[in-house]
2 protein chains.
Amino acid sequence: MAIPRAAQTQRRTRIQEEKQERILEAALDVFSARGFRGSTLDQIAEAAGMSKPNLLYYFRTKEAIHRQLIDRVLFTWLDPLKAFDADGRPESEIRSYIRRKLEMSRDFPRESRLFANEILQGAPHIEDELKGPLKELVDEKAEVIRAWARSGKIAKCDPYHLIFSIWSTTQHYADFDVQVRAVLGQNLSGEGRFEDAARFLEELFMRGLAIPKT
Amino acid sequence: MAIPRAAQTQRRTRIQEEKQERILEAALDVFSARGFRGSTLDQIAEAAGMSKPNLLYYFRTKEAIHRQLIDRVLFTWLDPLKAFDADGRPESEIRSYIRRKLEMSRDFPRESRLFANEILQGAPHIEDELKGPLKELVDEKAEVIRAWARSGKIAKCDPYHLIFSIWSTTQHYADFDVQVRAVLGQNLSGEGRFEDAARFLEELFMRGLAIPKT
DNA sequence: CGATAATTTGACCGATTGGTAAAACATGGC
DNA sequence: GCCATGTTTTACCAATCGGTCAAATTATCG
């Protein structure tokens with residue numbers, strides 16, 4: 001009898017964990033490139049090098065795979081923002097936040113696109129997480145930024161839109177990679193584009209937030 | 001006999017044009033919300049208030065509908081950038097470009113999301129348009145910006161990444177609308193958020209591009 | 001009116017979808 | 001060796017997919 005359906009029991013053998021990891025790896029490839037609805041279990045199974053029923057032995061449904069991926073991404077996605085330190089120097093905090101987000105676009109483009117796909121399509125699976133943990137974290141950090149502005153350490157600005165602009169500019173290089181490459185052309189679309197982007201964005205935000213010298 | 005398949009002949013009656021318009025309207029709703037692969041002809045047909053075979057009488061395939069939508073969006077999407085005037089004052093040109101792009105996110109969010117969906121999934125249908133017309137236009141305008149920087153009218157910066165950052169920050173409010181609303185919460189997520197965004201972005205870019213006073 | 005062309009629809013098709021059943025296979029402890 | 005547990009595969013299913021077809025319906029026009 002095959003009662004236990006690996007996914008249901010608490011993870012046991014290392015074999016199970018390895019297989020589940022292989023599936024998630026494959027699913028990340030497929031989901032991030034084609035969206036949830038556009039992806040098929042056959043594609044994921046093939047990418048994971050196993051049969052479809054075997055895949056469904058480790059995850060009960062297509063949604064279960066997607067859900068677990070999204071949960072992971074959401075968690076690691078918030079990490080750089082958490083590191084935002086109220087006691088640090090505003091300039092270096094913002095600068096390193098930009099750099100870290102940009103590094104994530106460079107090193108984890110699939111995760112970024114998975115998340116973007118989800119939001120684009122109305123975030124049907126994670127609306128609660130957005131309105132809950134994400135909002136709370138952003139609220140907290142927005143207050144930090146606002147305090148910096150009040151005490152004259154940076155220019156007065158709307159902290160929420162500042163955060164949005166850092167998110168959008170950095171994630172752009174992962175989510176719109178095809179467009180970026182197409183526009184920059186062959187000679188400029190190498191990995192150096194991330195260096196250029198970092199330089200540009202840091203200057204833009206540093207100047208944009210510097211206290212105007214009176 | 002039903003020889004003429006409205007889509008194949010040159011458009012004739014006004015009825016045909018109206019029906020095709022209704023289909024494109026409905027398809028924009030569906031495609032922008034669910035992506036190409038995630039959308040079904042039945043959904044589009046229902047949204048357009050007609051049967052599926054009737055829909056296929058006006059467009060031969062699902063792809064044909066999508067293609068026409070994409071072509072339209074691509075065209076109107078380039079419009080604000082085309083208006084970028086080399087002879088204008090840099091400050092007002094950039095400022096009004098930002099404003100115009102932001103207005104498009106506010107007034108045509110579906111079009112923005114349709115485009116975003118396409119790019120996110122690797123732009124399988126429009127790679128040529130990106131590498132051709134889009135790249136050429138951006139190259140041209142990038143040269144304008146570079147000239148402004150050389151002649152000291154704005155700060156020195158990479159013009160391509162400047163354009164990318166304007167694209168990403170403004171389109172963010174359409175493509176990631178759900179997230180923006182969730183983070184801002186009920187009280188702040190009204191239409192006023194576009195005003196706030198405009199104020200923030202204009203200041204950010206104006207300060208970020210201003211010549212540092214020596 | 002009648003006739004011809006344009007439009008709309010119900011029934012249907014093969015392919016693919018997410019998912020299941022059950023048997024075959026592997027593995028490890030005794 | 002044995003049996004029990006865990007894993008994988010073959011065969012299959014109902015539902016849905018994009019799309020076709022022929023018949024029914026509606027406009028158009030003399």
Side-chain angles (χ1 to χ4, degrees), chain A residues 1-24 26-27 29-31 33-70 121 124-125, chain B residues 1-24 26-27 29-31 33-70 121 124-125:
Chain A
M1 271 178 287
I3 313 163
R5 280 250 188 191
Q8 297 169 4
T9 67
Q10 62 268 39
R11 292 183 205 97
R12 282 189 179 152
T13 70
R14 181 173 303 158
I15 294 179
Q16 283 187 2
E17 207 145 341
E18 279 177 12
K19 285 281 167 78
Q20 292 191 352
E21 213 50 49
R22 235 172 68 196
I23 293 172
L24 289 173
D29 256 5
V30 177
F31 281 141
R34 312 169 69 100
F36 178 74
R37 279 183 261 259
S39 305
T40 73
L41 288 178
D42 294 277
Q43 292 164 353
I44 299 172
E46 195 196 332
M50 63 180 71
S51 67
K52 185 171 61 175
N54 195 13
L55 184 154
L56 285 164
Y57 173 74
Y58 289 103
F59 291 90
R60 274 196 307 234
T61 64
K62 182 186 178 184
E63 272 205 52
I65 309 176
H66 189 253
R67 163 78 56 154
Q68 190 149 337
L69 274 180
I70 286 278
Q121 314 209 346
H125 305 98
Chain B
M1 270 177 287
I3 315 163
R5 279 251 188 191
Q8 298 170 5
T9 67
Q10 63 268 38
R11 293 182 204 99
R12 282 190 180 150
T13 71
R14 182 173 302 159
I15 294 179
Q16 285 187 0
E17 207 145 342
E18 279 177 14
K19 285 281 168 79
Q20 292 192 352
E21 212 51 49
R22 236 171 69 196
I23 293 172
L24 289 173
D29 257 5
V30 178
F31 281 141
R34 312 169 69 100
F36 178 74
R37 279 182 262 257
S39 305
T40 74
L41 288 178
D42 294 275
Q43 292 164 353
I44 299 172
E46 195 197 331
M50 63 181 71
S51 66
K52 185 170 62 175
N54 195 12
L55 185 153
L56 286 164
Y57 173 74
Y58 289 103
F59 291 90
R60 275 198 305 237
T61 63
K62 182 185 177 185
E63 272 205 52
I65 308 175
H66 189 253
R67 163 76 56 153
Q68 190 150 336
L69 274 179
I70 286 277
Q121 314 209 347
H125 305 97

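We name chains A, B, ... by the order of the sequence lines, and we start the count at 1 in each one. What you see is a predicted model, and the numbers here were worked out from it, not measured in a lab. Scope of the values below: all heavy atoms of this structure, side chains included, with no hydrogens, waters or symmetry mates.
Summarising the geometry, the separation between CZ on B:R37 and C1' on C:dG18 is reported as 18 Å, rounded to the nearest angstrom. When rounded to the nearest whole Å, the span between CG of A:L56 and P of C:dA21 equals 12 Å. Atom CD of B:E18 is separated from atom C1' of D:dA27 by 14 Å (rounded to the nearest Å). Atom CD of A:E17 is separated from atom C1' of D:dT7 by 17 Å (rounded to the nearest Å). C:dG18 atom P lies 8 Å from atom CZ of A:F36, rounded to whole Å. Counting to the nearest Å, the P atom of C:dG18 and the CD1 atom of A:I44 are 8 Å from each other.
Within the 4.5 Å cutoff, the side chain of A:M50 has heavy atoms near those of the A:I23 side chain. Side-chain contact between A:L41 and A:K62 is present, with at least one heavy-atom pair separated by less than 4.5 Å. Contact of the B:K19 side chain with the B:Y57 side chain is not registered, since no non-hydrogen atoms from C-beta on lie closer than 4.5 Å.
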Report, one pair per line, the protein and nucleotides 14-17 of chain D atoms (nitrogen or oxygen only) whose separation is under 3.5 Å.
none

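For the OP1/OP2 pair of D:dT7 and a distance below 4.0 Å, the side-chain nitrogens and oxygens of A:N54 include no atom meeting the criterion. OP1 or OP2 of D:dT8 has not a single side-chain nitrogen or oxygen of A:S51 nearer than 4.0 Å. Regarding contacts with the backbone of C:dT7, a side-chain N or O of B:Q16 is found under 4.0 angstrom from either OP1 or OP2. For A:Y57 and D:dT8, the shortest distance from a side-chain N or O to OP1 or OP2 is not below 4.0 Å.
Partners of B:A33 by side-chain contact (heavy atoms from CB on, under 4.5 Å), not counting sequence neighbours: none found. Every residue meeting the side-chain contact (heavy atoms from CB on, under 4.5 Å) condition with A:R34, not counting sequence neighbours, appears here in chain and number order: A:V30, A:S39, A:Q43, B:R37. Remark: A:E21 pairs with A:R72 by the side-chain hydrogen bond (donor to acceptor under 3.5 Å, both in side chains) rule, at least two apart or across chains. Residues meeting the side-chain contact (heavy atoms from CB on, under 4.5 Å) test with B:E46, sequence neighbours left out: none.
Aromatic ring orientation, A:H66 versus A:F31: perpendicular (interplanar angle above 60°, classes split at 30° and 60°).
Comparing D:dG19, D:dC21, D:dT9 against the side chain of A:P53 picks out D:dT9 as the nearest. Side-chain atoms of A:Y58 lie closest to D:dT7 of the nucleotides D:dC21, C:dT8, D:dT7. You'll find that the side chain of A:K19 is closest to D:dT7, out of C:dT8, D:dT7, C:dG19.
End-to-end axis angle for the helix from C:dC1-D:dG30 to C:dC30-D:dG1, using five pairs per end and rounding to 10°, comes out at 0°.
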What do the steps show when you test B:I65 against B:L55 for side-chain contact (heavy atoms from CB on, under 4.5 Å), and what is the final call?
CA-CA 10 Å; B:I65 308 175; B:L55 185 153; 3.5 Å; yes
